[in-house]
A.B. asks: 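Following this message is one structure expressed as structure tokens.
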Amino acid sequence: MSDSALREFYLRYIQQLNAHQFDRMDEFISERTTLNGEPATLDDLIAVQKADVDAVPDLHWELEELLFDGDRLAARLVNTGTPVKRWLGVAPTGASFEITEYAIYQVRDGRFVHMTALHDAGELRRQLSAATRSRGEA
């Protein structure tokens, strides 16, 4: 895929993620892929996405930067949301979060075959538990 085709593909992917249209992920993710270096299936990835949105119904990805290298792309995104259920070991407090995510993908035959995502989980937990600490409920 050309850089412009990869850009269009990725923008459509982010649009579907933000619309929480997980039934359309087969347009973007191969049936068999890797997630953070581990083998995964499309169903595995959809289950992770659905669980995240179940806990954080307003979960949103904002693309800040997108780079290309052949069949690979790298993205810097800002993720935001407000959990309504226990998520990542933190009970909901009404606190929202805003973190940076770095993601690297490889595309083959028009779909992701390798997906890696990295964010500062400690910072995420800190933001989510800040409301509890401020009320003295550590």
Side-chain angles (χ1 to χ4, degrees):
M1 294 174 85
S2 68
D3 288 359
S4 62
L6 278 172
R7 177 179 300 283
E8 179 356 84
F9 168 79
Y10 194 74
L11 292 175
R12 283 187 298 113
Y13 170 68
I14 293 298
Q15 180 180 39
Q16 294 306 314
L17 275 180
N18 284 327
H20 303 160
Q21 294 293 316
F22 305 117
D23 58 332
R24 299 200 50 199
M25 288 298 112
D26 63 340
E27 295 176 32
F28 306 100
I29 302 169
S30 187
E31 195 58 46
R32 297 216 177 273
T33 186
T34 61
L35 177 61
N36 298 323
E38 297 295 323
T41 66
L42 173 62
D43 290 340
D44 295 334
L45 288 157
I46 290 172
V48 167
Q49 292 170 338
K50 284 182 175 180
D52 287 344
V53 169
D54 182 54
V56 187
D58 64 345
L59 185 57
H60 182 81
W61 295 263
E62 184 72 32
L63 180 63
E64 296 287 318
E65 189 172 10
L66 189 59
L67 304 170
F68 307 97
D69 182 17
D71 63 351
R72 295 180 183 272
L73 56 99
R76 181 174 54 87
L77 307 114
V78 174
N79 302 348
T80 57
T82 306
V84 298
K85 294 182 178 180
R86 178 172 283 282
W87 190 56
L88 303 175
V90 179
T93 63
S96 297
F97 66 88
E98 180 176 305
I99 59 163
T100 300
E101 174 184 345
Y102 298 95
I104 301 170
Y105 307 86
Q106 183 177 21
V107 178
R108 189 174 302 133
D109 299 324
R111 295 192 287 173
F112 298 128
V113 293
H114 299 292
M115 304 172 76
T116 302
L118 176 68
H119 63 267
D120 187 341
E123 173 60 16
L124 178 66
R125 286 187 191 94
R126 186 197 66 72
Q127 290 180 32
L128 294 179
S129 50
T132 299
R133 283 195 307 272
S134 69
R135 292 191 312 255
E137 300 173 12

A.B. asks: Going by the salt bridge (Lys or Arg N to Asp or Glu O under 4.0 Å) test, which pairs reach into residues 80-92, not counting sequence neighbours?
C.D. replies: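 Non-adjacent pairs meeting salt bridge (Lys or Arg N to Asp or Glu O under 4.0 Å): Asp54-Lys85.
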
A.B. asks: Working to the nearest 0.5 angstrom, can you tell me the gap between Thr100 OG1 and His119 NE2?
C.D. replies: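 Output value for this atom pair is 11.0 Å.
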
A.B. asks: Could you pull out every donor-acceptor pair under 3.5 Å between side chains of residues 68-78 and any protein atom, sequence neighbours left out?
C.D. replies:
residue, atom, partner, partner atom, Å
Asp71, OD2, Gln106, NE2, 2.9
Arg76, NE, Glu65, OE1, 3.1
Arg76, NH2, Glu65, OE1, 3.4

A.B. asks: Glu27: what forms a side chain to side chain donor-acceptor pair (under 3.5 Å) with it, not counting sequence neighbours?
C.D. replies: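 Partners of Glu27 by the side chain to side chain donor-acceptor pair (under 3.5 Å) criterion, ordered by chain and then number, come out as Arg24.
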
A.B. asks: So, for Ala95 and Gln127, which heavy atoms are closest and what is the spacing to 0.1 Å?
C.D. replies: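 Looks like CB-O, 3.6 Å.
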
A.B. asks: For His20 and Leu59, indicate whether the former's side chain and the latter's backbone hold a donor-acceptor pair under 3.5 Å.
C.D. replies: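 Flag set: sc His20 to bb Leu59 pair under 3.5 Å.
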
A.B. asks: Check side chain to side chain contact (heavy atoms under 4.5 Å, CB included) between Ala47 and all other residues, then give those that pass, not counting sequence neighbours.
C.D. replies: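 Side chain to side chain contact (heavy atoms under 4.5 Å, CB included) check on Ala47 returns nothing, list empty.
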
A.B. asks: Quick test of your reading: applying salt bridge (Lys or Arg N to Asp or Glu O under 4.0 Å), list the pairs with at least one residue in residues 90-107, sequence neighbours left out, ordered by first then second residue.
C.D. replies: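 Of all non-adjacent pairs touching residues 90-107, none passes salt bridge (Lys or Arg N to Asp or Glu O under 4.0 Å).
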
A.B. asks: Which value, rounded to the nearest 0.5 Å, describes the distance between Leu17 atom CG and His60 atom NE2?
C.D. replies: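 Those atoms lie 10.5 Å apart.
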
A.B. asks: Val48 and Ile46: side-chain contact (heavy atoms from CB on, under 4.5 Å), yes or no, with the steps?
C.D. replies: CA-CA 5 Å; Val48 167; Ile46 290 172; over 6 Å; no

A.B. asks: Tell me whether the centres of the aromatic rings in Phe9 and Phe28 are closer together than 6.0 Å.
C.D. replies: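 When the ring centroids of Phe9 and Phe28 are compared, they turn out to be within the sub-6.0 Å range.
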
A.B. asks: Has the side chain of Arg125 got a donor or acceptor atom that lies under 3.5 Å from a matching backbone atom of Leu88?
C.D. replies: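 Such a contact is found between Arg125 side chain and Leu88 backbone.
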
A.B. asks: Output all residues satisfying side chain to side chain donor-acceptor pair (under 3.5 Å) with Asp120, sequence neighbours left out; order by chain, then residue number.
C.D. replies: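 Partners of Asp120 under the side chain to side chain donor-acceptor pair (under 3.5 Å) test: none.
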
A.B. asks: Mind checking side chain to side chain contact (heavy atoms under 4.5 Å, CB included) for Asp44 and listing every partner two or more places apart, or none if nothing turns up?
C.D. replies: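 Expected list: Ala40, Thr41.
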
A.B. asks: Just to verify, what does Glu8 make a side chain to side chain donor-acceptor pair (under 3.5 Å) with, not counting sequence neighbours?
C.D. replies: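 Glu8: side chain to side chain donor-acceptor pair (under 3.5 Å) contacts with Arg12.
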
A.B. asks: For Thr80, check side chain to side chain donor-acceptor pair (under 3.5 Å) against everything at least two apart and list the hits.
C.D. replies: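 Thr80 satisfies side chain to side chain donor-acceptor pair (under 3.5 Å) with no residue once adjacent residues are dropped.
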
A.B. asks: Verify the cluster assignment for Phe22 and Met115: are they in a single hydrophobic cluster under the rule of side-chain heavy atoms below 4.5 Å apart?
C.D. replies: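 Result: yes, single cluster for both.
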
A.B. asks: How many angstroms lie between CZ in Arg108 and NE2 in His114, if you round to the nearest 0.5 Å?
C.D. replies: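 Going from CZ on Arg108 over to NE2 on His114, the span is 5.0 Å.
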
A.B. asks: Following the transitive rule for hydrophobic clusters with a side-chain heavy-atom cut-off under 4.5 Å over Ile, Leu, Val, Met, Phe, Trp and Tyr, establish whether Val113 and Tyr13 coincide in one cluster.
C.D. replies: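 No: no chain of side-chain contacts under 4.5 Å links Val113 to Tyr13.
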
A.B. asks: Counting only heavy atoms not in Asp23, do more than 12 fall under 6.0 Å of its CG?
C.D. replies: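 Atom CG in Asp23 is packed in, count exceeds 12.
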
A.B. asks: Do Tyr10 and Tyr105 pair up side chain to side chain, a donor and an acceptor below 3.5 Å, judged on atom types alone?
C.D. replies: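 Tyr10 vs Tyr105: donor-acceptor pair found between side chains.
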
A.B. asks: For Leu11, what residues pass the side chain to side chain contact (heavy atoms under 4.5 Å, CB included) criterion, not counting sequence neighbours?
C.D. replies: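 Listed in chain order: Arg7, Leu63.
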
A.B. asks: Just jot down the side chain to side chain contact (heavy atoms under 4.5 Å, CB included) partners of Ala5, sequence neighbours excluded, or say none.
C.D. replies: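 Met1, Ser2.
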
A.B. asks: Going hydrophobic residue to hydrophobic residue with side-chain gaps under 4.5 angstrom, can you get from Leu42 over to Phe112?
C.D. replies: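 The answer is yes; both residues are in one hydrophobic cluster.
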
A.B. asks: Taking C-beta and beyond as the side chain, do Glu31 and Asp26 meet within less than 4.5 Å on heavy atoms?
C.D. replies: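 The answer is no, as the side chains (C-beta and beyond) never meet within the 4.5 Å cut-off.
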
A.B. asks: Would you indicate whether the side-chain heavy atoms of Leu128 and Pro83 approach each other to under 4.5 Å?
C.D. replies: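 In short, these two side chains touch, coming nearer than 4.5 Å.
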
A.B. asks: Ile104, Ile29: one ILVMFWY side-chain cluster at the under-4.5 Å cut-off?
C.D. replies: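 No, because Ile104 and Ile29 fall into different hydrophobic clusters, even though each may have its own neighbours under 4.5 Å.
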
A.B. asks: Not counting sequence neighbours, which residues clear ring-ring contact (aromatic ring centres under 6.0 Å, His included) with Trp87? List them please.
C.D. replies: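 Trp87: ring-ring contact (aromatic ring centres under 6.0 Å, His included) contacts with Phe97.
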
